[in-house]
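Structure first, then comments.
Labels below follow one simple rule: chain letters A, B, ... track the order of the sequence lines, proteins then strands, and each chain is numbered from 1. Please read these numbers as outputs of a predicted model, since none were measured by experiment.
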Protein chains: 2
Amino acid sequence: MTTEEKIKKELIQRFGDAYKAFGLSKLMGHIIALLLFSPEPLSLDEITKQLGRSKGPISQLVRRLRDKHLIRKVWMPGNNRKDFYEVEPEVFEHAFRNNLELIKNNTRIAKQLKEKVKSAKNGSLHPVDQRMVEMEKFYLLMEIHFNSFLTAWTKERKKIYK
Amino acid sequence: MTTEEKIKKELIQRFGDAYKAFGLSKLMGHIIALLLFSPEPLSLDEITKQLGRSKGPISQLVRRLRDKHLIRKVWMPGNNRKDFYEVEPEVFEHAFRNNLELIKNNTRIAKQLKEKVKSAKNGSLHPVDQRMVEMEKFYLLMEIHFNSFLTAWTKERKKIYK
DNA sequence: TTTAACGTTTGAAAATTATCAAACGACGAT
DNA sequence: ATCGTCGTTTGATAATTTTCAAACGTTAAA
């Protein structure tokens with residue numbers, strides 16, 4: 001096995017683990033890693049072949065990755081039949097934004113539960129109320145900092161790819 | 001069912017979903033939510049009873065929650081046999097820090113792969129190299145902003161619980 | 001010292017999720 | 001118009017994860 005193949009294998013491996021750690025499908029990580037490594041866009045057939053899986057799951061996960069804006073379809077001249085894919089230029093940013101949605105959901109939980117506790121207030125304040133207030137503030141502040149990170153990154157990225 | 005019970009049920013439900021969305025066990029979310037709602041620390045028996053599960057999984061997940069610093073054991077006077085648990089005062093911060101570890105792991109992946117590509121450089125630069133450079137910068141910048149969020153939160157939290 | 005309650009561990013069962021092979025519909029190519 | 005290739009869908013199977021019940025060791029209470 002050449003050095004390049006070893007690197008490719010490790011990239012696939014580690015992206016799989018990372019995706020799983022974030023609660024996503026391991027195979028999704030494999031697909032991203034493979035496309036990340038490939039200098040050229042790959043067809044579904046290529047992906048299935050290189051990852052040694054069958055068409056079913058690849059087709060489904062490629063769709064999900066597209067929904068998440070992590071990869072995109074690219075038109076290849078001279079091949080009107082096959083779909084080719086490559087990673088989105090802003091993969092990392094999009095991956096982060098997907099995570100941001102989960103954060104926002106937490107803010108929503110806190111806000112809604114807080115309201116419900118408040119409206120059901122029966123004289124004595126329930127301790128969970130205080131916690132929900134804290135939780136909402138926590139995630140709101142987090143959203144602010146996450147957004148400021150995104151602006152900072154946009155600037156930084158321009159420097160890299162100018 | 002009283003309003004309070006409805007709120008409790010919804011809290012448990014939604015924390016379960018949220019935990020699952022972050023790739024953790026749904027039951028872990030249930031335990032946290034239950035403890036979050038309870039004004040008093042709960043024993044393992046209470047938790048198993050209230051969640052309608054058996055001792056095995058509760059025992060295991062309580063340990064994992066403790067490892068993650070999301071809940072803690074609390075000594076109860078007059079009850080030397082049972083272990084009682086409550087949520088850590090800084091649950092949200094600790095939950096965030098756990099996530100930060102995953103982020104740091106991503107930084108590590110980028111750094112390591114980048115090095116390997118560089119050391120294996122065979123004349124023509126492989127496109128994955130550029131991507132790894134970008135990835136590392138992305139997650140390093142993220143770490144900076146995450147840390148600044150944590151400092152900001154520490155300040156904010158003092159205001160709430162002063 | 002004995003007993004009983006407690007938390008942990010463990011092997012099996014249940015439930016969920018991932019994966020495959022095959023069938024299908026769509027659409028260029030011939 | 002027909003054929004063949006492509007991506008999707010689907011029902012069955014495999015693999016993984018979750019859950020339970022029972023056995024176990026430990027330790028406070030009697």
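Remark: A:E101 does not engage A:R97 in a salt bridge, criterion side-chain N to carboxylate O under 4.0 Å. For A:K49 and A:E46, the salt-bridge test passes: some basic side-chain N is under 4.0 Å from an acidic carboxylate O.
In this entry the distance linking CG of B:L42 with C1' of C:dC6 reads 16 Å, nearest Å. In this structure, CG of A:D83 is placed 12 Å from C1' of C:dC27, rounded to the nearest angstrom.
Residues B:F146 and A:F146 bring their aromatic ring centres within 6.0 Å. Between B:F149 and A:F149, the gap from one ring centroid to the other reaches at least 6.0 Å.
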Determine all donor-acceptor pairs shorter than 3.5 Å in which one atom belongs to a side chain in residues 24-33 of chain A; sequence neighbours excluded.
from: A:S25; atom 1: OG; to: A:L27; atom 2: N; distance (Å): 3.1
from: A:S25; atom 1: OG; to: A:M28; atom 2: N; distance (Å): 3.4

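Taking side-chain N and O atoms only, A:K26 has no distance below 4.0 Å to OP1 or OP2 of D:dT17.
Less than 4.0 Å separates DNA chain D from at least one heavy atom of each of the following residues of residues 43-81 of chain A: A:L44, A:D45, A:K55, A:G56, A:S59, A:Q60, A:R63, A:R81.
Ring planes of B:F37 and A:H126: tilted class, angle from 30 to 60°.
For B:K82, counting side-chain heavy atoms from C-beta on, the closest listed nucleotide (C:dG7, D:dT19, C:dT19) is C:dG7.
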